[in-house]
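Report on the following structure.
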Amino acid sequence: MAYDHREIEKKAQEKWTELDLYRADLSGEAKEPYYLLVEFPYPSGDLHIGHWYAFAVTDIYARLLRARGKNVLFPIGFDAFGLPAENAALKHGVDPREWTYKNIEHMRAQLMSMGASFDWSKEVIACDPSYYQWTQWLFTKLFEHKLAERRNAAVKWCPKDKTVLANEQITDGRCERCGTEVEEKRLTQWFLKITDYADRLLAGLDALPWREEIKDAQRAWIGKSEGAKLDFEVRTSDVLTSAGVTSDVQPIITVFTTRPDTLFGVTYVVLAPEHPLVATLLDTVSNKKEVQDYVAATAKKTERERSENKEKTGVELKGVRAVNPANGEEIPVFVADYVLASYGTGAVMAVPAHDERDYAFAQKFNLPIKSVVNPFVASIAQSTAETLMSGEFDSEQASALFAGEVIQHGPYTKDGTLINSGDFTGRKSEEAKWDIVAASGGERATNYRLRDWLVSRQRYWGCPIPVVYDPEGNPHAVPSEHLPWLLPTDVDFTPTGEAPLASSKELKERVTRLFGEGWTPEYDTLDTFVDSSWYFLRYLDPKDPHDFSDATLMKKWLPVDRYSGGSEHTTMHLLYARFFTKALHDLDLVPVDEPFTERFNRGLIMGPDGQKMSKSKGNVVNPDEFVREYGADAVRLYLAFIGPYNEPGNYPWNLDGVASMRKFLERIARLVECHRDPASAVEVELLQNASGAAAQALARANLKITEDGDRFKFNTGVAALMILLNELEAAADVLAPALSALVIMLAPFAPHLAEHLWERLGEEGSVHAAPWPAYDESVLASDTCELAVQVNGKRRGSVQVAVDAPEGAIVAAARAIPAVAAQLKDKEPKRVIYVPSRILNLVV
RNA sequence: GCCGAGGUGGCGGAAUGGUAGACGCACAGGGCUUAAAACCCUGAGAUGGCCUAAAAACCUUCGUGUGGGUUCGAGCCCCACCCUCGGCACCA
């Protein structure tokens, strides 16, 4: 063992703490600020390999930036509210607060052990009253500006965790956490009106230099569709009316559609089972029982069961007809669960000829299918139709034939030429669309897939919603002088479906004392995504008891320059944080409109078998074991080397990988130990100016590490270090300044060993305070090069030439190569492609 | 189904339209050693040929998912298709 990693890690970490090396000087003006952010962890209690990958590799970049003269803010904290604490409490009977803070303490030590250069003085803990006081304050600001409101809504409910879930926490109709099938339940809940920002969240994406896949995922999540709202008048049948069933108000079914151009093809209308009109019309239908049974049956089904069942179901409202606003046609009305109550108006106009779902439904219920869009565009209809239809038909016949095709083979869902559409027949569908809307008394409308953000949780271990109710039941924000609105401690948090805070006597007494008799507290706590939507603002002023952050510092440090995190947060946390920033910006609380300039999603470390790590598969890699055996530096280096950090791929953990990094580090240690004569000024001069092999190798590595670091490609940076070491080992003599430069370049990757070697070299201070080595660009420029020679694009040899040699000389030299001559067969090249320092291609 | 990213040796991966496979793992041969470990050196895409006791060296052809195209030249650009991964999905 060339070095004792335990000893040097301990020593180096103590030295850094003593020197307070990583504290960002937030108000300092001397250096350019750089805000490097990494998602703060949940204090689960143990650091796993994913944490290492997240923090240790991002730390390399923090160190690279610092060495290159940036004033780097690289903070850390804990996203400390959440279910696991409560579950642990239930299971082991411990206080969630104690459990959490104990874990934090343990994880702090683990985070220190990886040698990450966090600025601990900025630490935030989301469950700490000094933090959640401001989560609450921000909530009250949103409430005051009507961005937080209470609604009675059907919510998704996990029967096992006994809590309400956000849409985002449901995967395939199951609770993301425990996999239990989600049920629906109606409760009065708090919502944040993120949909008010849907358009701006969408528009803001365009300017962000994020990877397309992240932006597209957010776009899909927001799911903007532009279309129209159209009103279908409802008529009840004469039979029923004469039987004495009448309605005072003439009901209207408003539908949302993105294809108003197909309005003439509507053959029925569908209401979602939850649509209020279903209940209203119930007494006018002749098959009341059947309708009631259907609505009751679908209410029992989970969303998953509804969408899993590909077979369409539904029931007609017999005796009820809707009137097509375009042509006055009377059509049947159905209730079917393929229409979602929560999207659009909860009602759709069905165009089986031009929509897959309507087509399937019409087939099953034997409903008419009426073609109104023909794929043959009018201007070319004649020729295209004739070509496509074997020249036997004119365009009218082709249209008729096409309409028949639709009925037989399925819907045509694209644009085309309108047929069977009254005055609009013959026009292009996409052009006529808005005229049809106008002619039918409809209006343009935009819909989003995005729903408002449900933030109420019937859970204990979360930020109490800072709201109280007056005796009439109206909500009031808790005034800021009463913040933090403390989470009560006298709570029985066994899940019952009731909010645990309701069991707190202290909370009720507090409200009575502060607000008066008859006032009651809000018992729900906030979704933890609220806590994490603004933590990067708090890092700038984490201890301030008077403000959530510091206006001057926000101006200087925001937006975050680079945010590193996991791809699982693309459509939740990342969208919420953007929403918060925009909302607070509008309230003049935050100077920026977008929180994060750059965003990188990192990949996943898989088990050695290439499978996702899981206890049941027994392929979980424990980083601590590797740290113990090979040292933190080797683990860091391996994680950096495993693959490009700027692409969210899956990288299997190679059991020999860390060992090989340790060997590499030992080779460096040996090299340095063998040559540690102090450098003279002359030597430094020589090194920087001479075009010696070592100087060149250093410059190449320097350039590679710097450039690839900025791209978050640390794998090639490590490779550059390896190449450098190979070259230095091969060199006859290595001057001490070269070793110092090597150690400085090693430092971001292997901070402990670099610190140790820095001392062995007799250098002053910390290697992490040393400036990044400079090099002379001209060192990289060589005056000769090996030039590849191709004949007809195939490599046939190479020549050593001066970079500025005349083309003629190079061609002559190339032609002297036997393999080249053999290919040329004495012929003169027809063409000579010469790209200096790259290629010579002789074309015959 | 739609959208996005990708497909390169046994493995992780590298490569501004210009010598494909950097760097590393695993592997093989050798050195050091009484021996092993460690360490050091060397080798290696495939195929065929030539030479040979065998190998090395040398040469041919083929090679970045498949098929076409653009180009003096394509892993990289264009078209079509196949496959893998990720996101969305009865969103009208």
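Note that the coordinates shown come from a computational prediction; the quantities given were computed from them, not determined experimentally. The sequence lines fix the lettering, A, B, ..., with proteins before strands; numbering per chain opens at 1.
- Side-chain atoms of Lys370(A) come within 3.5 Å of backbone atoms of Phe264(A) as a donor-acceptor pair (strictly under, hydrogens ignored).
- For Lys704(A), taking side-chain heavy atoms from C-beta onward, the closest of the listed nucleotides G24(B), A89(B), A15(B) is A15(B).
- Nearest nucleotide to the Lys794(A) side chain, out of G12(B), C62(B), C88(B): C62(B).
- Summarising the geometry, the separation between CG on Leu637(A) and P on C23(B) is reported as 16 Å, rounded to the nearest angstrom.
- In this structure, CG of Leu639(A) is placed 13 Å from C1' of G12(B), rounded to the nearest angstrom.
- A donor-acceptor pair is defined here as one N or O able to donate and one able to accept, closer than 3.5 Å; such a pair exists between the side chain of Tyr268(A) and the backbone of Asp358(A).
- OP1 or OP2 of A15(B) has at least one side-chain nitrogen or oxygen of Lys713(A) nearer than 4.0 Å.
- Taking atom CZ on Phe256(A) and atom C1' on C90(B), their separation rounds to 15 Å, with Å as the unit.
- Between the P atoms of G1(B) and C81(B), the separation comes to 12 Å (whole Å).
- The residue Val832(A) sits apart from the nucleic acid: no heavy atom pair falls under 4.0 Å.
- The residue among Asn792(A) and Tyr448(A) whose nearest nucleotide of RNA chain B is located toward the 5' end is Asn792(A).
- Note on Gln790(A): a base of the nucleic acid sits closer than 4.0 angstrom, heavy atoms only.
- Remark: Lys312(A) is positioned above the aromatic ring of Tyr338(A), its terminal NZ or CZ atom under 6.0 angstrom from the ring centre and at most 45 degrees off the axis.
- At the heavy-atom level, Val348(A) lies under 4.0 Å from base atoms of the strands shown.
- Panel note: side chain Asp261(A), backbone Ala432(A); no donor-acceptor pair is recorded below 3.5 Å.
- Looking at the side chain of Ala719(A), the nearest of the listed nucleotides A92(B), G4(B), C23(B) is C23(B).
- Out of A15(B), C72(B), G12(B), the shortest distance to the side chain of Phe641(A) is found at G12(B).
- For the C1' atom pair drawn from U8(B) and G13(B), the interatomic distance equals 9 Å after rounding to whole Å.
- When heavy atoms are screened at a 4.0 angstrom cut-off, Pro648(A) is found touching no nucleic acid atom at all.
- Judged by distance alone, with hydrogens and angles left aside, the side-chain atoms of Arg449(A) form a donor-acceptor pair with the main-chain N or O of Trp221(A) at under 3.5 Å.
- Looking only at distances, a side-chain donor or acceptor of Lys215(A) sits under 3.5 Å from a matching main-chain atom of Leu208(A).
- His354(A) places a side-chain N or O within donor-acceptor distance of the main-chain N or O of Tyr412(A), the cut-off being under 3.5 Å.
- Whole-Å rounding puts the Asp708(A) CG to A15(B) P distance at 7 Å.
- Taking atom P on both A80(B) and G43(B), the two are 46 Å apart, rounded to the nearest angstrom.
- Computed from coordinates, the Leu205(A) CG to C3(B) C1' distance equals 15 Å when rounded to whole Å.
- Between Glu707(A) and Arg711(A) there is no salt bridge, since no side-chain nitrogen of the basic residue lies less than 4.0 Å from a carboxylate oxygen of the acidic one.
- For U19(B), its base never sits under 3.5 Å from the side chain of Arg796(A) at any donor and acceptor pair.
- Tyr645(A) does not carry Arg602(A) over the face of its six-membered ring by the limits of under 6.0 Å from the centre and within 45° of the normal.
- Looking at the side chain of Asp355(A), the nearest of the listed nucleotides G24(B), C90(B), A92(B) is A92(B).
- A sub-4.0 Å separation between OP1 or OP2 of A92(B) and a side-chain N or O of Lys312(A) is absent.
- Contact check, Asn726(A) against G24(B): a side-chain N or O comes under 4.0 Å of OP1 or OP2.
- In textbook terms, a nucleotide whose glycosidic angle is within 90° of 0 is syn, and G9(B) is one such case.
- When the nucleotides A92(B), C25(B), G4(B) are ranked by their closest atom to the side chain of Glu212(A), G4(B) comes out on top.
- A distance-only check finds a donor-acceptor pair linking the side chain of Gln218(A) to the backbone of Thr570(A) [under 3.5 Å].
- Side-chain atoms of Asn841(A) lie closest to C72(B) of the nucleotides C72(B), G12(B), A15(B).
- The residue Thr258(A) sits close only to the backbone: its heavy atoms come under 4.0 Å of sugar-phosphate atoms, none of a base.
- The C1' atoms of G30(B) and U16(B) are separated by 41 Å, rounded to the nearest whole Å.
- With hydrogens and angles disregarded, no donor-acceptor distance shorter than 3.5 Å links the side chain of Asp355(A) to the backbone of Ala350(A).
- For Tyr343(A) and A92(B), the shortest distance from a side-chain N or O to OP1 or OP2 is below 4.0 Å.
- When the C1' atom is compared between C76(B) and A5(B), the two are found 16 Å apart, to the nearest whole Å.
- Relative to the side chain of Glu786(A), the nucleotides A92(B), U19(B), C72(B) differ in distance, and U19(B) lies closest.
- Spacing of C1' atoms, U61(B) relative to C50(B), comes out at 15 Å, to the nearest Å.
- One can place CG of Leu840(A) at 15 Å from P of G73(B), the figure rounded to the nearest angstrom.
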Legend entry - Under the 3.5 Å Watson-Crick or G-U criterion, the dot-bracket string of RNA chain B, with | for inter-strand pairs: (((((((..(((.....[....))).(((((.......))))).((.((........)).))..(((((..]....))))))))))))....
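- Within the structure, every side-chain polar atom (N or O) of Arg259(A) is placed at least 4.0 Å from both OP1 and OP2 of A92(B).
- The residue among Ser660(A) and Arg711(A) whose nearest nucleotide of RNA chain B lies closer to the 5′ end is Arg711(A).
- Taking atom CZ of Arg795(A) as the reference point, atom C1' of A74(B) lies 18 Å away to the nearest angstrom.
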Inset, instruction - Do nucleotides 36-44 of chain B as a string where each nucleotide becomes B, S or -: B if the base has a protein heavy atom under 4.0 Å, S if just the sugar-phosphate does, - if no protein is that close. - result: ---SS----
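- The phosphate of A14(B) (OP1 or OP2) has a side-chain N or O of Asn715(A) nearer than 4.0 angstrom.
- C11(B) sits 26 Å from G18(B) when the P atoms are compared, rounded to a whole Å.
- Counting only N and O atoms by type, the side chains of Asn447(A) and Ser225(A) include no donor and acceptor under 3.5 Å apart.
- Checked by atom type and distance alone, the side chain of Asn619(A) pairs as donor or acceptor with a backbone atom of Lys612(A) at under 3.5 Å.
- In this model, the phosphate group of A22(B) is not approached by any side-chain N or O of Thr716(A) to a distance below 4.0 Å at OP1 or OP2.
- The residue Ile833(A) sits close to a base: some heavy atom pair falls under 4.0 Å.
- Computed from coordinates, the Glu213(A) CD to C88(B) C1' distance equals 14 Å when rounded to whole Å.
- Of the N and O atoms on the side chains of His569(A) and Glu39(A), at least one donor lies less than 3.5 Å from an acceptor on the other residue.
- Taking atom P in both A37(B) and C32(B), one finds a spacing of 15 Å when rounded to whole Å.
- The listed nucleotides are U19(B), G24(B), G12(B); the one nearest the side chain of Tyr651(A) is G12(B).
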